[in-house]
Engineer: 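Sharing a structure, written as structure tokens. Questions coming.
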Amino acid sequence: MDKKVYSLLGLCKRASMLSSGEFMTEKAVKNKTAKLVIVAADSSKNTKKLFNNICFTHKVKLIEFGTKEELGRAIGKDIRASICILDEGFAKAIEENTNFKT
């Protein structure tokens, strides 16, 4: 199941429907273009708290998935603590392949 999610993240990146990094993810959430935020499980408590608060305030779904290294590798970048999905279809497919419950 994890392989499918990482594959979807790669496709999403190639389709330019993904933002990554703390600043860009936060910007997408505040601009209301974010459909789903993924935070790495090994992110700091402060990072998790920041995105939990921002996503709750702006009513964006948030999941904790993978490690910073795995998320970065999936999108062809260095380590990434946060990724933002900008497309509803990709967001739904990723949610279905994780154990996310609304």
Side-chain angles (χ1 to χ4, degrees):
M1 214 182 239
D2 288 358
K3 287 182 183 180
K4 177 134 181 151
V5 174
Y6 294 125
S7 176
L8 285 166
L9 288 173
L11 288 170
C12 193
K13 175 65 175 167
R14 286 190 286 285
S16 299
M17 290 289 133
L18 179 146
S19 259
S20 66
E22 191 170 319
F23 175 75
M24 294 303 290
T25 301
E26 186 176 344
K27 184 177 173 183
V29 171
K30 288 180 178 178
N31 289 340
K32 300 189 186 321
T33 57
K35 306 301 180 205
L36 174 69
V37 172
I38 301 171
V39 176
D42 60 346
S43 296
S44 71
K45 286 182 182 178
N46 287 340
T47 299
K48 289 178 185 178
K49 183 178 179 182
L50 169 76
F51 284 109
N52 193 33
N53 291 340
I54 291 172
C55 289
F56 178 78
T57 301
H58 294 278
K59 296 177 177 50
V60 175
K61 294 176 185 173
L62 171 73
I63 60 173
E64 193 175 302
F65 180 80
T67 65
K68 293 186 281 191
E69 185 178 325
E70 292 167 340
L71 292 177
R73 190 178 324 119
I75 62 170
K77 302 274 185 183
D78 291 331
I79 61 172
R80 290 291 187 257
S82 62
I83 292 179
C84 178
I85 309 302
L86 306 173
D87 178 76
E88 191 68 47
F90 278 117
K92 186 172 181 152
I94 290 168
E95 286 175 42
E96 289 171 357
N97 286 284
T98 60
N99 292 326
F100 179 75
K101 301 281 187 279
T102 311

Engineer: Mind checking side-chain hydrogen bond (donor to acceptor under 3.5 Å, both in side chains) for Thr33 and listing every partner two or more places apart, or none if nothing turns up?
Structural biologist: none
Engineer: How would you list, by chain and number, every residue that makes a side-chain hydrogen bond (donor to acceptor under 3.5 Å, both in side chains) with Ser20, sequence neighbours excluded?
Structural biologist: Arg80
Engineer: For Lys68, enumerate each residue passing the salt bridge (Lys or Arg N to Asp or Glu O under 4.0 Å) test, keeping only those at least two apart in sequence or located in another chain.
Structural biologist: none
Engineer: Sequence neighbours left out, what pairs pass salt bridge (Lys or Arg N to Asp or Glu O under 4.0 Å) with at least one residue falling in residues 6-16?
Structural biologist: none
Engineer: Glu88: which residues meet the side chain to side chain contact (heavy atoms under 4.5 Å, CB included) condition with it, sequence neighbours left out?
Structural biologist: Lys35
Engineer: Is there a donor-acceptor contact under 3.5 Å from the side chain of Ser7 to the main chain of Lys3?
Structural biologist: no
Engineer: Between side-chain atoms of residues 23-32 and protein atoms elsewhere (two or more places apart, or another chain), which donor-acceptor pairs fall under 3.5 Å?
Structural biologist:
{"residue": "Thr25", "atom": "OG1", "partner": "Gly21", "partner atom": "O", "Å": "2.8"}
{"residue": "Thr25", "atom": "OG1", "partner": "Ser82", "partner atom": "OG", "Å": "3.3"}
{"residue": "Glu26", "atom": "OE2", "partner": "Lys30", "partner atom": "NZ", "Å": "2.9"}
{"residue": "Asn31", "atom": "ND2", "partner": "Lys27", "partner atom": "O", "Å": "3.3"}

Engineer: For Thr47, which residues count as a side-chain hydrogen bond (donor to acceptor under 3.5 Å, both in side chains) partner, sequence neighbours excluded?
Structural biologist: Ser44
Engineer: Within this structure, what is the CD1-SG distance for the pair Ile83 and Cys12, rounded to the nearest 0.5 Å?
Structural biologist: 9.0 Å
Engineer: Side chains of Asp2 and Phe65: closer than 4.5 Å at any heavy-atom pair?
Structural biologist: yes
Engineer: Measuring from Leu36:CG to Leu62:CG, what's the distance to the nearest 0.5 Å?
Structural biologist: 8.0 Å
Engineer: What's the separation between atom CG in Asn46 and atom CD in Glu22, rounded to the nearest 0.5 Å?
Structural biologist: 9.0 Å
Engineer: May I ask you to test the Leu9-Ile38 pair for a side-chain heavy-atom distance under 4.5 Å?
Structural biologist: yes
Engineer: Are Val37 and Ile54 close enough that some pair of their side-chain heavy atoms sits under 4.5 Å apart?
Structural biologist: no
Engineer: State which residues pass side chain to side chain contact (heavy atoms under 4.5 Å, CB included) with Ala41; sequence neighbours excluded, sorted by chain then number.
Structural biologist: Glu64
Engineer: Could you tell me the separation between the CG atom of Leu18 and the CG atom of Leu8, rounded to the nearest 0.5 Å?
Structural biologist: 11.0 Å
Engineer: What donor-acceptor contacts under 3.5 angstrom involve side-chain atoms of residues 69-79, with partners at least two apart or in another chain?
Structural biologist:
{"residue": "Glu69", "atom": "OE2", "partner": "Arg73", "partner atom": "NH2", "Å": "3.0"}
{"residue": "Glu70", "atom": "OE1", "partner": "Tyr6", "partner atom": "OH", "Å": "2.7"}
{"residue": "Glu70", "atom": "OE1", "partner": "Thr67", "partner atom": "N", "Å": "3.0"}
{"residue": "Glu70", "atom": "OE1", "partner": "Thr67", "partner atom": "OG1", "Å": "3.3"}

